[in-house]
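Just so we're clear, the structure is a prediction, and the values are computed from it rather than from any experiment. Here is the naming used below: chain letters follow the sequence lines, and residue numbers restart at 1 for every chain.
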There are 2 protein chains.
Amino acid sequence: MALRETRAAPRLTVDCVVFGLDDADLRVLLVERANPPFRGMWALPGGYVTVGEDLEAAARRELREETGLDRVFLEQLYTFGAPGRDPRGHTVTVAWFALVKLADHAVRAATDARDAAWFPVSDLPPLAFDHGGILEVALARLKGKVRYQPIGFELLEERFTLTQLQRMYEAILERPLDKRNFRKKVLSLDLLEELPEVQRDVAHRAARLYRFDRAAYARMQERGIDFEI
Amino acid sequence: MALRETRAAPRLTVDCVVFGLDDADLRVLLVERANPPFRGMWALPGGYVTVGEDLEAAARRELREETGLDRVFLEQLYTFGAPGRDPRGHTVTVAWFALVKLADHAVRAATDARDAAWFPVSDLPPLAFDHGGILEVALARLKGKVRYQPIGFELLEERFTLTQLQRMYEAILERPLDKRNFRKKVLSLDLLEELPEVQRDVAHRAARLYRFDRAAYARMQERGIDFEI
DNA sequence: TCAAAAGTGTTAACCATACACCCATGC
DNA sequence: GCATGGGTGTATGGTTAACACTTTTGA
């Protein structure tokens, strides 16, 4: 079996679920389809994997080509391969989820003819293919993962306030968190570096700025210690 | 891009990491390769996905064909697609992990020419392709998942003693657990049904038998309650 | 001086951990 | 009667969760 040369094989694509945080809104990046099937509908950015191309490289290439995004946090999500998911023929897609600092890429236009836009996850248009289902899996993964791994920082700017950090967790977890307990908890983890700076140009008391301390997290991982928020 | 008919595409396979529990030993099922490349080496059971075939169905079919296993617990693990992982050409594999009651399948021979055998995960032969790496990912997933989801029961017989349950967790987590705390914890979850039966033919006090209560777990999930061991 | 958000402690309930002995059974 | 594993409770420390007011700043 291992050496058999099967003539017909499923096609292979990658699709990306890209999340961004707009104030307190979790958003996802979609592209408008320029061609059938599902012409005019919104879909996840993605496309075919070529021979000799690594899967993650394919995902990054498609993101760059279709949305202009580059150097994003990317993690494999799941592989979807139901025979009927693409009406053109059996196509297996390796789905990825990405987290970006939305401010860096706010209204960036697509580089090819299609439109790209950020939609709040709470108010999505109908999606092409099985992309609605893929997005749901991505949301569940994000929700589950953000509490145990510091991936949420990928959504924030380099420097942030504790309130911004809390809003991010609330947006992802879809529930309010207690301010005092949240601050106690995140500060006790020793993963935030307090900066000698505060917010500027706000019409109220300026908040302290913090930065995620990657080195401290690496040390924590080496010692095999978990964290949880 | 979406409609482009690319001529060359990576091949698509599935591979399965099948775990079984032998007493207090976690074991994995391997098959001996009958053909080059890596002829004579041990490898994960797997093979090509055919057009129109669901990925999970392909994994089940390969397991059945190569090892005789049927009706096993199967879950998608990760998709590996580095261009150099198969010397015959770019091949992307969707890896699955499976849990089986080893006693049911103890010395089952492979149905085609190859040999199949159970190896303790603590003492493995060198593996073909990148299968060693895939196995490591599977072990990490099993370790992480078993504490939050009742998948470990797939490794045990329908009826089991609390000591057998504890041995299973110890084998997977690779650390000893305290007997009294373990019993308190698992019984407090209300996921075990105490049976009106005890062990037979043992040279010491016979232990109470329990059964995993799937209905209770389903109710717990509906109410959105987590468990942790 | 007002509006807006920043910042801060205590208490009570719960949960995790550490730990050692007697019991039932078969040989 | 002895060897083997089965079965059981308590005390301590740490963690989570609930909860409200004062401070700072700019307009």
* Decide salt bridge (charged side-chain N to carboxylate O under 4.0 Å, His left out) for A/K101 and A/E158; before the verdict, give the C-alpha distance in whole Å, the side-chain angles of both, and the deciding distance to 0.1 Å. => CA-CA 9 Å; A/K101 304 183 200 315; A/E158 171 82 2; 5.9 Å; no
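Note: CZ (A/F160) to C1' (C/dA6) measures 16 Å, nearest angstrom. Protein atom CG of A/D201 is 13 Å distant from nucleotide atom C1' of D/dA27, rounded to whole Å. Atom CD of B/Q164 and atom C1' of D/dG6 are 13 Å apart (whole Å). Across the protein-nucleic acid pair, A/E228 atom CD and D/dG14 atom C1' stand 14 Å apart, rounded to whole Å. Between B/H204 atom NE2 and D/dG5 atom P the separation is 6 Å, expressed in whole Å. Across the protein-nucleic acid pair, A/Q199 atom CD and C/dA4 atom P stand 16 Å apart, rounded to whole Å. Rounding to whole angstrom units, CZ of residue A/F227 and C1' of D/dT15 are separated by 17 Å. At whole-Å resolution of the value, CZ in A/R205 and C1' in C/dA6 are 5 Å apart.
B/T163 and B/R208 are not linked by any side-chain donor-acceptor pair at a separation below 3.5 angstrom, with hydrogens and angles left out of the test.
At its two ends the helix from C/dT1-D/dA27 to C/dC27-D/dG1 runs along axes set 0° apart, each axis drawn from five pairs and the angle rounded to 10°.
Here the side chains of A/I151 and A/F73 are in contact, with some heavy-atom distance below 4.5 Å. Contact of the B/T79 side chain with the A/V92 side chain is not registered, since no non-hydrogen atoms from C-beta on lie closer than 4.5 Å.
Here A/T163 does not reach the OP1 or OP2 of C/dA5: none of its side-chain N or O atoms lies under 4.0 Å away.
For the contact set between residues 172-194 of chain A and DNA chain D, defined by any heavy atom under 4.0 Å, the members are A/D178, A/R180, A/N181, A/K184, A/K185.
Between C/dG7, D/dG7, C/dC27, one nucleotide has an atom nearer to the side chain of A/A207 than all others, and that is C/dG7.
Aromatic ring pairs are classed by plane angle as parallel below 30°, tilted from 30° to 60° and perpendicular above 60°; the pair B/F160 and B/F153 is tilted.
Under a 4.0 Å N-O distance rule, the pair A/E170/A/R167 qualifies as a salt bridge.
Checking side-chain atoms of A/H131 against main-chain N and O of A/L44 turns up a donor-acceptor pair under 3.5 Å. B/R200 places no side-chain N or O within donor-acceptor distance of the main-chain N or O of B/A206, the cut-off being under 3.5 Å.
Contact record, A/F227 with A/Y148: CE2-O, 3.1 Å, taken as the closest heavy-atom pair.
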